[in-house]
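What follows is one structure encoded as structure tokens, with my remarks underneath.
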Amino acid sequence: MTKMYQTVLYLLVTYPLLLLTFDKILTPVLSACLTISALSYVAWSAYIQFLKSPGHPYRLIGHAILLFWLGIVFNSTLALLPRRFHPVWSDALANVTLTVFLWLTALALSRLIDWPSFRKNRLLYLDGFILFGMAFVFGYILILQKLPEFARSPLEFAAMTLYSLCFLAVLLSFLILYTTGLRGSLRHRQLIQAMMLFCVTNFGYYTFLVRDQLEFMVLFLPLYPVSLSLLMTYFQEVPQSVTHSRVLPRPYLPYICLASLLVWISFFDVPQIVYILAITILFSLFLVRQVFSERLNQTLLHEHEGVQFDLARQVKEQTSLLEIRKEEYRRLFLDHPEPIVQVSRTGDIQTMNPAAQTRFNARLPDRLMHQLRQEVVQLESSRKLLVQDKTHTYQTTLIPVPDHDYVYVLLSDITETLKQEQWLENLGYHDVLTRLPNRRYFEEQLEQQLSKLHVGSLLFIDLDGFKQVNDQFGHDAGDYVLQETASRLKLHLRDDEVAARLGGDEFIVFLLREKTETIQYTETLIHQLNQPFDFQGSMVSVTPSIGIARYPDDGATTSQLLIRADEAMYSVKQHEKNAYRFI
């Protein structure tokens, strides 16, 4: 069952139960139990994915999720205890884990922001600060202004204030990411969904908490596991650097939020100082935004004027050159070193340039002329083709002349060039040292054959200890080991199977065999390669690490099979060596 289906099933079970048992006592207990169960699953997954991978760059997300789970467990447990076992300071202590969770999450998000791009993308960053400012005002109106009367002690007030500051750090980092590039990427959409859901849940939860409306507050509690699950899924793989969009963001979102904020603070009870600061700061930010926007518009206008000027200059220059070209084209026919023939649409030769007269003695070979006649009769636009006589091959360019009934035929003798290319191609398809095909030949041939095959196995082979052979016995010994390895690879291959050298001490083999036959070949190969190499009286040893990808189960293309087999080989090399493993 995929995570999406698990999430949908969790929500379909949770909320009908909460609504059917809507009660001031039963609903909070049921909500806490369901939330802790879901969070436990998420926390265990985070432990497996992050904390059991020592090299993962975002292990702090795993720690953060575990701390959040611990904080919810503490708070739920304290809420169920009688008041004599539930002192005021215990709530503040329990909130420490949630505060640290927020701080670690803010650190992870801030690492994704491309801060050096601020100068080039000021409008994008400014929109993020504007959205953050309006979110802060909303949060103050709904939650923060009620904290002093809600807190039961200075310690609890300090703990809740610190929690709020860390949440604001998360919100600021997320909004800057959102405005500077996340919207344009499908891969980052999961982070947007996770953080938006978490922020809405957090706002809703604490809005009703500070008003002692617990029966509504707990309806937001089950959404925490969903948002954390999305967050964990996003950070399982190291995110790529967030690239900023070249297109400016749509500016209407800050203005819509500003209008909503003005309506809110105008019709709801807000302290005068908050009202004045909100209006002053937000309108100042919008004024700065307008200044940056005007500068950008001026820059674009100057660039546009520059492009128009350059275009006019180029048109003038090209017009002047056109007259020069006419004379050059006239001279080109006479002075061109390659043969040029003017042929009528019926296939008759009308004239030749001096190079053609010298080469063909004023008459084209019959075979060559026959090929040209077939082409010029139906020619509509310029084209290139190869034509041949008995001993020569010509790269031929056919150029029809508009409003005239003849065609220019340019003939370039490429006989020697083709011979050289064939020689170079043969050389470029093989490894000089081992005489095996190289990677280029292997990939081209296999790509052509894959669609005709039903099954096959690609073996990716790396020699363990090869560097030590070079260091101890010299590169001549290393070359000898590679040559002997190539011989042993081919020893048990069938006629329609191929082995190739990738480079260094890496080889690849493709077998047209079922899995059981592949295993037999691989085990035989490992036995063969474990036999020492006798180099000038010294016994030299290496061992193979072999990764195997099956066609078509592990990949339908050559590149996919190579990647999968390489992953399997790397796994062998990291764990046991001198062995094989299927992907």
What's the verdict on side-chain contact (heavy atoms from CB on, under 4.5 Å) for L398 and L385, showing C-alpha distance, side-chain angles and the deciding distance?
CA-CA 8 Å; L398 304 177; L385 69 154; 3.6 Å; yes
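- Side-chain contact annotation: E447 with T558, donor-acceptor N/O pair under 3.5 Å present.
- Side-chain contact between T396 and L386 is absent, with no heavy atoms from C-beta onward closer than 4.5 Å.
- With 3.5 Å as the limit, one finds a donor-acceptor pair spanning the side chains of D464 and T543.
- At distances below 3.5 Å, not a single donor-acceptor pair connects side-chain atoms of D471 with backbone N or O atoms of G474.
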Full working for side-chain contact (heavy atoms from CB on, under 4.5 Å) between M569 and Y580
CA-CA 7 Å; M569 181 278 294; Y580 67 90; over 6 Å; no
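- Here CD1 of I65 is found 10.0 Å from CG of L60. Values are rounded to the nearest 0.5 Å.
- For F198 and F101, the ring centers are positioned less than 6.0 Å apart.
- With ring centers used as reference points, Y224 lies under 6.0 Å from F68.
- Contact check for Y394 versus T415: no side-chain heavy atoms found under the 4.5 Å cut-off.
- Taking every heavy atom of both residues into account, F235 and A108 meet most closely at CZ-CB, 4.2 Å.
- One N or O on the side chain of S110 and one on the backbone of L107 form a donor-acceptor pair closer than 3.5 Å.
- Between Y521 and E517, the side chains place no donor N or O within less than 3.5 Å of an acceptor N or O (distance only, hydrogens not considered).
- Looking at D431 and R435, no side-chain N of the basic residue comes within less than 4.0 Å of a carboxylate O on the acidic one, giving no salt bridge.
- Atom NE2 of H492 sits in a crowded spot, with more than 12 heavy atoms from other residues, nucleotides or ligands closer than 6.0 Å.
- No side-chain heavy atom of K467 sits under 4.5 Å from any side-chain heavy atom of Q472.
- Here Y408 pairs with nothing under the side-chain hydrogen bond (donor to acceptor under 3.5 Å, both in side chains) rule; sequence neighbours left out.
- For the atom pair CG (L525) and CG (L529), the distance works out to 4.5 Å, reported to the nearest 0.5 Å.
- Using a 4.5 Å heavy-atom cutoff, the side chains of F510 and S457 are not in contact.
- The two atoms that bring P222 and Y10 nearest to each other are O-OH, 2.8 Å, heavy atoms only.
- Using a 4.5 Å cut-off on side-chain heavy atoms (C-beta onward), L463 and L482 make contact.
- Between D554 and R564 no salt bridge is recorded (no basic side-chain N to carboxylate O distance below 4.0 Å).
- In summary, the side chains of T434 and Q483 do not present any donor paired with an acceptor at a separation below 3.5 Å, with no hydrogens or angles considered.
- Side-chain contact between V343 and M369 is present, with at least one heavy-atom pair separated by less than 4.5 Å.
- Note that CD of Q371 and CD of Q388 are 7.0 Å apart. Values are rounded to the nearest 0.5 Å.
- The environment of OH in Y570 is sparse: at most 12 heavy-atom neighbours from other residues, nucleotides or ligands sit within 6.0 Å.
- Summarising the geometry, atom CG belonging to L512 is positioned 4.5 Å from atom CG belonging to D496; distances are rounded to the nearest 0.5 Å.
- The distance from atom NZ of K515 to atom CZ of R550, rounded to the nearest 0.5 Å, is 7.5 Å.
- Aromatic rings of W44 and Y41 (six-membered ring for Trp) have centroids beyond the 6.0 Å cut-off, not under it.
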Would R359 and E338 count as a salt bridge (Lys or Arg N to Asp or Glu O under 4.0 Å) here? Give the steps.
CA-CA 9 Å; R359 184 175 187 86; E338 298 286 352; over 6 Å; no
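- Taking CG from L489 and CZ from R501, the interatomic distance works out to 11.5 Å, rounded to the nearest 0.5 Å.
- Aromatic ring pairs are classed by plane angle as parallel below 30°, tilted from 30° to 60° and perpendicular above 60°; the pair Y480 and F533 is perpendicular.
- Looking at heavy atoms from C-beta onward, M195 lies in side-chain contact with L191 at the 4.5 angstrom threshold.
- Between A194 and L230, the shortest heavy-atom distance links the atoms CB-CB, 3.5 Å.
- Among residues two or more places apart in sequence or in another chain, the side-chain hydrogen bond (donor to acceptor under 3.5 Å, both in side chains) test is passed with R488 by none.
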Step by step, work out the side-chain contact (heavy atoms from CB on, under 4.5 Å) result for T522 and F582.
CA-CA 11 Å; T522 305; F582 287 87; 6.0 Å; no
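- Side chains of S571 and R581: a donor-acceptor N/O pair is present below 3.5 angstrom, by distance only.
- In this structure the side chain of I461 never reaches within 4.5 angstrom of the side chain of S545, judged on heavy atoms.
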